[in-house]
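Presented below is the structure to which this report refers.
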Amino acid sequence: MIFIRYSHKDEDAAGALDGELQAASYSTFLAHDDVPPPSDWHVEIWKALQECHAFVGLLTEDFNSSAFCQQEVGAALALRKPHVLAVDGKQKRAPGFGRFQTVKRKELLATLNDSSSFRETVM
């Protein structure tokens with residue numbers, strides 16, 4: 001399962017990304033769709049981070065200013081999850097993670113399909 005991280009302000013873009021990944025046979029976790037009410041969001045997100053096979057961050061200006069987004073990227077790195085940071089919009093890269101290459105949003109699926117780490121997450 002691929003954990004998709006996004007700013008709550010980018011929910012529509014994250015939903016579109018989720019749809020594209022699922023159409024390409026990737027199993028995904030998208031918090032606003034997959035955290036059941038009345039669950040504790042923090043517990044469910046931590047559980048999904050631990051259980052996911054890979055992590056995709058949807059980089060936007062709002063992503064970069066979100067403490068939760070930054071924490072979850074850090075958690076994915078600490079948990080050694082294969083990850084890709086997908087640039088959406090004007091954002092060039094994630095602050096503090098300059099050593100990791102980002103990918104343009106339109107190139108994300110091709111990048112995932114070419115990566116053995118991500119191919120393992122296909123259903």
Side-chain angles (χ1 to χ4, degrees):
M1 172 251 297
I2 295 177
F3 184 104
I4 302 171
R5 182 53 181 144
Y6 57 96
S7 164
H8 70 90
K9 294 178 183 178
D10 300 313
E11 212 171 271
D12 291 340
L17 172 61
D18 181 55
E20 289 176 31
L21 291 174
Q22 288 188 29
S25 298
Y26 286 99
S27 172
T28 61
F29 173 85
L30 190 67
H32 72 263
D33 285 344
D34 297 323
V35 174
S39 299
D40 180 322
W41 277 72
H42 295 256
V43 170
E44 294 297 319
I45 288 173
W46 179 242
K47 180 179 165 186
L49 277 167
Q50 290 176 308
E51 293 175 356
C52 76
H53 299 97
F55 179 95
V56 169
L58 184 61
L59 297 183
T60 63
E61 289 184 34
D62 292 316
F63 181 99
N64 287 335
S65 63
S66 167
F68 287 116
C69 288
Q70 300 307 310
Q71 290 170 12
E72 290 171 20
V73 169
L77 291 171
L79 292 167
R80 299 180 184 260
K81 302 295 180 175
H83 64 281
V84 170
L85 302 175
V87 176
D88 193 33
K90 299 175 187 174
Q91 201 58 39
K92 298 286 186 235
R93 64 181 194 142
F97 294 98
R99 67 184 193 155
F100 297 105
Q101 183 64 23
T102 59
V103 64
K104 291 180 180 153
R105 172 71 178 75
K106 65 184 177 184
E107 299 165 356
L108 179 61
L109 271 177
T111 300
L112 297 182
N113 291 335
D114 288 342
S115 168
S116 61
S117 298
F118 282 92
R119 276 197 311 270
E120 294 169 5
T121 68
V122 175
M123 299 171 71

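- Taking the side chain as every heavy atom from C-beta outward, Glu20 and Leu108 never approach each other to under 4.5 Å.
- Considering only residues two or more places apart in sequence or on other chains, His8 meets the side-chain hydrogen bond (donor to acceptor under 3.5 Å, both in side chains) condition with none of them.
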Test log, rule side-chain contact (heavy atoms from CB on, under 4.5 Å), inputs Leu30 and Phe3: CA-CA 7 Å; Leu30 190 67; Phe3 184 104; over 6 Å; no
Would you mind writing out the side-chain donor-acceptor pairs for residues 41-52 within the sub-3.5 Å range, not counting sequence neighbours?
residue : atom : partner : partner atom : Å
Trp46   : NE1  : Gln50   : OE1          : 3.2

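- Ion pairing of Lys81 with Glu72 is absent here, as no side-chain N (NZ or NE/NH1/NH2) approaches a carboxylate O to less than 4.0 Å.
- No side-chain heavy atom of Tyr6 sits under 4.5 Å from any side-chain heavy atom of Thr60.
- Annotation: side chain of Arg5 is in contact with side chain of Phe63 (closest heavy-atom distance under 4.5 Å).
- Connection of Val103 to Ile2 is established within a shared hydrophobic cluster, with ILVMFWY side chains joined at heavy-atom distances below 4.5 Å, either directly or through further cluster members.
- Looking only at distances, no side-chain donor or acceptor of Ser66 sits under 3.5 Å from a matching main-chain atom of Asp62.
- Residues that satisfy the side-chain hydrogen bond (donor to acceptor under 3.5 Å, both in side chains) test with Asp18, not counting sequence neighbours, are Gln22, Thr28.
- In this structure, Asn64 CG and Leu59 CG are separated by 6.0 Å, a value rounded to the nearest 0.5 Å.
- Side-chain contact between Met1 and Tyr26 is absent, with no heavy-atom pair separated by less than 4.5 Å.
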